[in-house]
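Here the structure comes first, spelled out in structure tokens, and everything after it is commentary.
Order of listing sets the numbers, starting from 1, for every ligand and every atom in it. Treat the numbers as computed from the prediction; the structure is a model and nothing was measured.
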Amino acid sequence: MSPFPSKSLRLFLPAVLPLLLQLNAVAHPDKVEDRLLMHFATGSTPIQGDTWEDLTHRVKARVIGQPKLMNIGPAQALVFNGLSDWLLAAPDAATAKPVLPVKEMTASAWVRFNDMQPEGGLCGFIQDNGSFEKGWLLGYDQAHFTFRLASSGGNKDGDGVLTNLISKSTVKPGPWYHVTATYDGAAMRLYVNGRLEGESRDQSGDILYPDAGKLTIAAFADSNELEILDGALLEVKTYGRAMPEAEIAAVVERNAGLLAWPGSINDSLQFLVRPYLQAASATGMSIMAETSRPAAMTVEYAETAPLTLTAGVPAGTTSISTVSLTGLKPHTRYFYRVTSDDGNGNTARSEVKSFQTLPGPADAWAFGLLGDTQRNPDVTRRCADGIFALRPNFMLHVGDVVDDGFAKQQWVFDLFAPCSDLFSYVPVFPVIGNHEKNSHWYYDYFHLPEPEYFYTFKCGNAEFFMVDSNKDVSPESEQYQKLEQALAASTATWKFTAHHHPCWSSDNDDYGDTLKGKPGEPFTLGEPQLQPLVALYEKYGVDIAFAGHIHSYERTWPILNMAINQRKGVRYIVSGGGGGNLEKASPQRAWFSIHVQSGHHFCFATVQDRTIQFKAYDLEGRLFDTFELTKAADR
Ligand SMILES: [Fe+2]
Ligand SMILES: [Fe+2]
């Protein structure tokens with residue numbers, strides 16, 4: 001029996017829907033970092049007019065001038081012109097006070113300089129006027145990062161004395177840097193790319209703030225100076241604690257790809273994202289790639305060498321290009337090679353790779369399944385390698401492909417880099433998760449049939465229905481109606497659906513707290529808003545509904561009308577084990593569950609005629625769940 005009054009779930013919904021929606025809103029909260037005071041990250045929250053709210057929602061910065069969001073290498077960053085562009089995070093001391101560190105602090109930034117100047121600022125609240133020295137500033141000079149701070153303990157003359165820490169290594173325009181300043185009430189420290197580059201014990205006690213001043217980003221601004229950044233910022237964060245060296249090193253480690261970007265404005269054209277396969281069909285394949293700047297893209301291809309056929313597109317306005325090959329033979333291998341050309345004699349050329357068009361209705365075939373890769377490239381690489389080793393015809397990704405859909409560098413380094421080999425041989429069909437934040441990058445990087453958020457495709461004797469579970473799926477919604485039409489029209493032997501959020505899940509805290517279950521704190525065993533899909537899947541005989549979102553694995557018994565029905569039920573599989581932090585199931589077994597397991601993993605399925613074999617593997621390649629199903633002729 002379910003711990004939840006399961007049979008009445010749908011009846012129960014209207015009365016508690018507002019509460020359930022609320023619960024859902026706090027499901028999967030972004031982990032709030034300890035004593036984070038301010039967090040600006042490009043892309044994650046858009047600039048609205050001349051106001052830019054930070055991710056903590058505590059700071060509304062005024063945008064001065066016209067900083068521009070631009071792609072710089074693998075990242076998209078806010079570019080300041082060195083003359084008039086900067087951010088006024090708080091115009092005065094009273095406004096700034098709630099987000100100013102009192103004693104312990106950390107200020108960090110991802111920055112890339114076009115040019116450097118003798119006294120520059122990245123973030124701070126400072127007055128440095130003759131002998132009047134108060135506040136703090138994470139900044140730079142013509143060749144170093146700097147960290148200035150005045151404290152009550154260092155205040156020997158009553159006006160304050162700033163200590164100016166200067167990084168040991170030389171900093172230059174071009175590459176991305178991660179710089180961190182910390183103060184713990186006794187020592188100031190300055191880290192560049194995770195390495196300690198300066199330390200001072202001259203200051204102690206509370207930070208000494210001036211009565212008047214402003215909290216600034218991308219500028220050093222006090223009452224008589226304004227020096228503006230000529231360069232780009234990806235992120236600025238402040239904390240009310242001194243971050244330990246290991247934590248700073250971990251941040252840097254997670255972004256090693258960004259630091260490895262050479263950053264020089266040289267002529268060579270490079271692939272930021274190596275060629276990958278999209279929109280596969282029996283007679284077509286799209287090949288995509290991203291280059292370091294817009295370039296024309298040509299694909300040479302053929303069934304055997306030499307690659308005598310070509311197709312191409314001219315340089316577009318963006319650096320992501322798509323070449324769609326049509327008129328191909330079904331279930332046939334083609335070799336291909338991509339060459340991008342910027343028109344100035346600079347080219348990037350891929351190795352020769354190969355793909356196979358999708359099989360026809362009489363063929364046996366296989367697909368991989370992965371979800372919630374988020375931001376864990378080592379795990380994602382192991383999953384991708386595991387899937388590729390099994391040689392699927394294509395793969396499904398059930399969403400949360402990255403952790404922050406607006407952080408362009410995550411697409412480059414946390415999704416495409418670890419999946420590079422897999423995606424170059426095996427086309428991927430995604431659905432959008434919540435972590436993509438409906439960012440344009442999802443639609444830019446994936447080439448999907450209209451209307452993109454919802455689409456269908458066929459492989460062999462199956463049809464896949466790909467749903468955006470962030471969007472409305474109530475019976476009145478456009479998506480529900482499109483899905484119903486498509487299901488009703490489908491003549492495929494197998495009907496599979498995929499969306500990010502699960503209809504059924506045993507998770508212990510995503511749908512209410514299953515560890516409490518007090519009156520007034522109901523929980524559901526799955527996403528309440530998706531219940532209309534359950535009815536639709538049952539009506540049209542969907543075989544398996546794939547989902548992610550819960551970072552674990554779960555397979556249900558066949559479910560029909562809120563009960564297990566071995567003959568006519570719909571099976572549900574949650575596979576959210578591609579990298580995101582793992583989640584656990586409720587201690588009590590859910591009535592519908594066959595197998596639930598916490599652990600990073602990937603899945604693989606083979607289909608022949610009316611038989612499917614499904615397998616789930618852990619990172620070591622150990623099989624931990626499997627089933628075989630042969631459909632009755634009347635099912
Ligand atoms: Fe997720
Ligand atoms: Fe999710």
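- Contact annotation: His500 places no N, O or S atom under 2.8 Å from the Fe ion (ligand 1).
- Side chain to side chain, Lys353 and Ser424 meet the donor-acceptor criterion of an N or O pair below 3.5 Å.
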Exercise. List the steps, then state whether ring pair (Phe, Tyr, Trp, His ring centres under 6.0 Å) holds for Tyr453 with Tyr443.
Key: CA-CA 9 Å; Tyr453 75 93; Tyr443 306 97; 8.5 Å; no
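- The atom of Asp400 that is an N, O or S and sits closest to the Fe ion (ligand 2) is OD2.
- Under a cutoff of 6.0 Å and an axis angle of 45°, Lys471 and Phe454 do not form a cation-pi pair.
- Ring pair Phe406/Trp441: centre-to-centre distance not below 6.0 Å.
- For the Fe ion (ligand 2), the nearest N, O or S atom contributed by His549 is named ND1.
- The heavy-atom pair separating Thr56 from Val59 by the smallest distance is OG1-N, 4.4 Å.
- At a cut-off of 2.8 Å, Gln374 coordinates the Fe ion (ligand 1) through an N, O or S atom.
- The NE2 atom of His551 and the OD2 atom of Asp372 subtend an angle of 90° at the Fe ion (ligand 1), given to the nearest 10 degrees.
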